K.L.:
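The following block contains the structure, expressed as structure tokens.
Values below: every heavy atom of this structure, side chains too, minus hydrogens, waters and symmetry copies. Residue numbers count from 1 along this sequence. Just so we're clear, the structure is a prediction, and the values are computed from it rather than from any experiment.
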Amino acid sequence: MYAGFKFVGIFLLFISCNFSENRNPPAKAPSTEADKMYNEAASLYNNDNVKAFTLLSKAESIYKLKNDSANIASCLTLKAIILNDIGDYLSSNERAIDALSFLKLPRDSAYLPSIYNNLAISEKNLKHYSEALNWYHKALQVSSDNFQKITIKNNIADAYGKQKSYPQAINIYQSLLKNKTLQKNEIEYARILDNYNYISWLESNNYKAEEGLLAAVVLRQKINDKSGLISSHSHLAEYYLRSDRAKALYHINEKYRLAKVIKNPNDRLEALDFLVKNDKGVHLQGYFTEYQQLNDSIQLSRDKAKNRFALIEFDVEKKKAENLLLQKGLVQKEYQITKKNILIISISLGTLALIIGAFFWYKKRKQTMLLESDNKLKEQQLKVSKKIHDVVANGIYQVMTKIENQEDFDKEKILDELEFVYEKSRDISYEKAAPENKSEFSKRISTLIASFNNENVKTYLAGNDENIWKTLKEFTREEIYQVMRELLINMKKHSQATLVAFKFERKNNRIQIQYTDNGIGISEGITYKNGLTNTDSRIEAINGEIIFDTETEKGLKIYISFPAS
């Protein structure tokens, strides 16, 4: 229906109170019940407007349920046309304005010329000529079809004529008569030719309009344009009224006759009004009586139509509301049933989910416990391995270093040290804690460093005062001892150093250790084998930090820093 409605705009542009023929809107390809209703209403336009209006109201109601804004606007526009035809101009404007509110621009811009033109016609019929011109100009701005533009310009000129702005109207008519598109359409050409001569005569009574007015009559007779002939006879009656009353009455009677033929009560009433005012013959009383009866009939018919159309819309809205209430009741019942079913399903699914969740939780918990147990075992193994490396391997290596460095060594002392290592290994197997020996830690450090002193390697010590170590926990002392032993063993194995020095300082509640040797250094980066890996992890365990200075030209510097408490 959307594409078809665009052509309704062309149809609506032909509608003008004084010089147009009424045409049925084109049908749309039916796809829904509402589309079929609209098509039937369009076919009934001008034949049974009551039924057409009823069908349009029903179609509009369906389109609103579907939120089909374009087709809602289509129904409202055609209803506005019908209301305009019966003289209910205010209601016509209301429907046209409503139609505008439903358009989604720029997508629906093709609808605008039709609606604007209908609003202009309503305002002109209400004698609001300035407002009519405003709407006509808007229609002209949004129109893209040359023939539409001709029709709109004709309507603009007519509005200027009603406003007695004759020069503006004449200029428009003169430009239109030169238009080649207009010259191909005899109906429109005759209309504008007639209007141009009529307005030119109104602007100046000296203008010779007779030839042009009669030429329009001949052309309209040729194409059997009865609506156009009514307009021509009306203009000729006015033109001849002052110069030839007989001709004036002839043309007004032709208007009256044709109005009866095409069943146009408004033109017939206008003809009777002219006859009552200007015919002095024996038929005057009859004309007057007929005028009164026809006028009353038209007014009564319009009032009935207005009330009936209002009642039609009320009934449609009432039925719509009743249907909505009925649907609401059904929906509520369905909702209760659905709610009950959802509750049952939710409980069932919840129970099932709980069972499945409990199963997976138990399975995951079991896996977590096994993983924790495995991690604890690995941690314990690593701890034991670390202790074996620290106590047994490094202890034996230290004894070996003493034997290697001392030509005359005390056999009993060496045996005591080996016995100490043995006892330590037994403590590891039974997980006994090492006894604290805080007062001798500085001596242990001195002894450790001295044990690596020989004729090839000279060791030096600075700042190893017992006050430096007095606040350290036993765990920290042991970790530092093992770190220093790792560094010395690593020096002995890899550095080829001849000078080794340790410097100890205590600053800002932190202990700083500087290790220096003159060996080959670490040129390719640090290779973290077991010893250095343990060193790094030990420093991390006591919240310290270790820095390897590899930028020196020769040798190695290591800076160790950690909290003193």
K.L.:
Establish, from distance only, whether the side-chain atoms of Lys149 and Ser143 form a donor-acceptor pair under 3.5 Å.
P.N.:
no
K.L.:
Mind listing the closest non-hydrogen atom pair of Ala80 and Ala96 along with its distance?
P.N.:
CB-N, 4.0 Å
K.L.:
Can you give me the closest heavy-atom contact between Ala237 and His251, atom names plus distance?
P.N.:
N-CB, 4.0 Å
K.L.:
Assess, by modelled atom type and distance only, whether the side chains of Asn195 and Asp158 contain a donor and an acceptor separated by less than 3.5 Å.
P.N.:
no
K.L.:
Could you report the tightest heavy-atom contact between Pro265 and Leu294, atom names first, then the distance?
P.N.:
O-CD2, 3.8 Å
K.L.:
Search all heavy atoms of Ala73 against all heavy atoms of Thr77 and return the closest pair with its distance.
P.N.:
O-OG1, 2.7 Å
K.L.:
Relative to Trp361, does Lys364 satisfy both conditions: NZ or CZ under 6.0 angstrom from the six-membered ring centre, and within 45 degrees of the ring's axis?
P.N.:
no
K.L.:
Which heavy atom of Tyr173 sits nearest a heavy atom of Ala157, and at what distance?
P.N.:
CZ-CB, 3.4 Å
K.L.:
Tell me whether Asn67 at atom CG has more than 12 heavy atoms from other residues, nucleotides or ligands lying less than 6.0 Å away.
P.N.:
no
K.L.:
Between the side chains of Asp35 and Tyr63, is a donor N or O closer than 3.5 angstrom to an acceptor N or O?
P.N.:
yes
K.L.:
Does Glu290 reach the side chain of Tyr256, with side-chain heavy atoms less than 4.5 Å apart?
P.N.:
yes
K.L.:
Judged by atom type as modelled, is there a donor-acceptor pair below 3.5 Å linking the side chain of Ser74 to the main-chain atoms of Ala70?
P.N.:
no
K.L.:
Can you pull the salt bridge (charged side-chain N to carboxylate O under 4.0 Å, His left out) pairs that have at least one residue in residues 40-54, sequence neighbours excluded?
P.N.:
Glu40-Lys51
K.L.:
Give a yes or no on this: more than 12 heavy atoms of other residues, nucleotides or ligands lie within 6.0 Å of atom OH of Tyr166.
P.N.:
yes
K.L.:
Just wondering, more than 12 heavy atoms not from His283 lying within 6.0 Å of its NE2?
P.N.:
no
K.L.:
Indicate whether the side chain of Asn155 and that of Lys153 have a donor and an acceptor atom separated by less than 3.5 Å.
P.N.:
no
K.L.:
Please walk me through it: do Lys36 and Glu33 pass salt bridge (Lys or Arg N to Asp or Glu O under 4.0 Å)?
P.N.:
CA-CA 5 Å; Lys36 292 176 183 177; Glu33 181 185 1; over 6 Å; no
K.L.:
So, the side chain of Ser101 versus the backbone of Asp98: is there a donor-acceptor pair under 3.5 Å, distance only?
P.N.:
yes
K.L.:
Give a yes or no answer on whether the side chain of Thr289 reaches the backbone of Gln285 with a donor-acceptor pair at less than 3.5 Å.
P.N.:
yes
K.L.:
With a 3.5 Å distance limit and no angle check, can you tell me whether Asp194 reaches the backbone of Ala190 through a side-chain donor-acceptor pair?
P.N.:
no
K.L.:
I'd like to know if the side chain of Arg95 reaches the main chain of Lys79, judged simply by a donor and an acceptor atom lying under 3.5 Å from each other, with no hydrogens or angles considered.
P.N.:
no
K.L.:
Does Asn185 reach the main-chain N or O of Leu182 with its side chain, forming a donor-acceptor pair under 3.5 Å?
P.N.:
no
K.L.:
Just by distance, no angles: are the side chains of Asn197 and Tyr239 close enough, under 3.5 Å, to form a donor-acceptor pair?
P.N.:
no
K.L.:
Quick one: do the Asn93 and Glu123 side chains pair a donor with an acceptor below 3.5 Å?
P.N.:
yes
K.L.:
So Thr32 and Ile62, do their side chains get closer than 4.5 Å, heavy atoms only?
P.N.:
no
K.L.:
Is any side-chain heavy atom of Lys277 closer than 4.5 Å to one of Asp273?
P.N.:
yes
K.L.:
So does Gln183 have more than 12 non-hydrogen atoms from other groups sitting under 6.0 Å from CD?
P.N.:
yes
K.L.:
Judged by atom type as modelled, is there a donor-acceptor pair below 3.5 Å linking the side chain of Asn253 to the main-chain atoms of Leu249?
P.N.:
yes
K.L.:
So, using salt bridge (charged side-chain N to carboxylate O under 4.0 Å, His left out) as the criterion, who are the partners of Arg257 when residues are at least two apart?
P.N.:
Glu254
K.L.:
Taking the six-membered ring for Trp, are Tyr207 and Trp201 closer than 6.0 Å centroid to centroid?
P.N.:
no
K.L.:
With the side chain counted from C-beta on, respond yes when Ile81 and Ile121 share a heavy-atom pair under 4.5 Å apart, and no when they do not.
P.N.:
no
K.L.:
Without hydrogens or angle criteria, can the side chains of Asn118 and Ser92 be said to hold a donor-acceptor pair below 3.5 Å?
P.N.:
yes
K.L.:
Of all the heavy-atom pairs spanning Leu112 and Leu105, show the shortest one and how long it is.
P.N.:
CD1-CD2, 4.0 Å
